[in-house]
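Taking it in order: structure first as structure tokens, then the write-up.
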Amino acid sequence: MYTVEMDLDEICITVMDDNGNNEDLIINSFTDIVYIRQYDEDTDRIKTIAISPRMWEELISAIHSPEGAFRMS
């Protein structure tokens, strides 16, 4: 299950594990940066990585691609 929330300058996507084995994956997307966050039970902290919107687009494209090396135009 997932939710998508849109605000003036942000898109927030939350992906939930339907089986309850993993913590929610939260994506906060802005025009200049995308944050991917997930709570870590072992450290009791939220882990965050930051990528560019271009990297996010390439990640989405890669999910739907066959094996190989690709360049987006």
Side-chain angles (χ1 to χ4, degrees):
M1 178 175 167
Y2 64 91
T3 64
V4 178
E5 300 172 54
M6 296 183 186
D7 202 352
L8 296 175
D9 64 345
E10 174 190 12
I11 297 172
C12 179
I13 301 168
T14 304
V15 181
M16 293 153 265
D17 180 0
D18 295 336
N19 296 319
N21 297 322
N22 298 292
E23 297 293 332
D24 294 351
L25 180 66
I26 301 168
I27 294 93
N28 300 101
S29 179
F30 300 89
T31 56
D32 60 341
I33 196 161
V34 177
Y35 294 107
I36 301 172
R37 303 182 300 130
Q38 188 174 44
Y39 175 72
D40 183 346
E41 244 181 44
D42 295 334
T43 62
D44 193 31
R45 294 179 185 242
I46 294 176
K47 292 188 174 183
T48 302
I49 63 167
I51 62 175
S52 70
R54 176 71 174 185
M55 291 170 70
W56 173 253
E57 291 170 9
E58 289 180 353
L59 173 62
I60 298 304
S61 181
I63 290 169
H64 302 287
S65 295
E67 184 176 9
F70 303 90
R71 182 176 305 219
M72 292 181 61
S73 54

* To do: Flag yes if I63 and L25 sit in one hydrophobic cluster, no otherwise; membership is Ile, Leu, Val, Met, Phe, Trp, Tyr, and two members link when side-chain heavy atoms are under 4.5 Å apart.
  => yes
* To do: Treating Ile, Leu, Val, Met, Phe, Trp and Tyr as nodes and any side-chain heavy-atom pair under 4.5 angstrom as an edge, say whether F30 and I51 lie in one connected cluster.
  => no
* **Pairwise distance CD1(I13) to CH2(W56) - rounded to 0.5 angstrom** => 5.0 Å
* If you round to the nearest 0.5 Å, how far is OG of S29 from CD of E57? -> 8.5 Å
* Structure fact -> d(L59 CG, H64 NE2) to nearest 0.5 Å is 9.5 Å
* So if you build clusters from Ile, Leu, Val, Met, Phe, Trp, Tyr with side-chain heavy-atom gaps below 4.5 Å, do V4 and Y35 land together? -> no
* Donor-acceptor contact below 3.5 Å, side chain D7 vs main chain D9 -> no
* Near R54 CZ, under 6.0 Å, is it more than 12 heavy atoms from other residues, nucleotides or ligands? -> yes
* Structure fact -> Rounding to 0.5 Å, atoms CE (M72) and OG (S65) come to a distance of 8.5 Å
* Structure fact -> Distance col, row T48:OG1 vs Q38:CD, nearest 0.5 angstrom, shows 10.5 Å
* Tell me, do M55 and V34 make a side-chain contact under 4.5 Å, heavy atoms counted? -> no
* **Same apolar cluster (I L V M F W Y, side chains within < 4.5 Å links), I11/I49** => yes
* **Co-membership, hydrophobic cluster, residues I26 and I60, 4.5 Å side-chain** => no
* Which value, rounded to the nearest 0.5 Å, describes the distance between I27 atom CD1 and E10 atom CD? -> 11.5 Å
* Flag the pair T31 / P53 as yes when at least one side-chain heavy-atom distance between them is below 4.5 Å, and no otherwise. => no
* Does OH belonging to Y39 count more than 12 external heavy atoms closer than 6.0 Å? -> yes
* Within-4.5 Å side-chain heavy-atom neighbours: D40 and E23 -> no
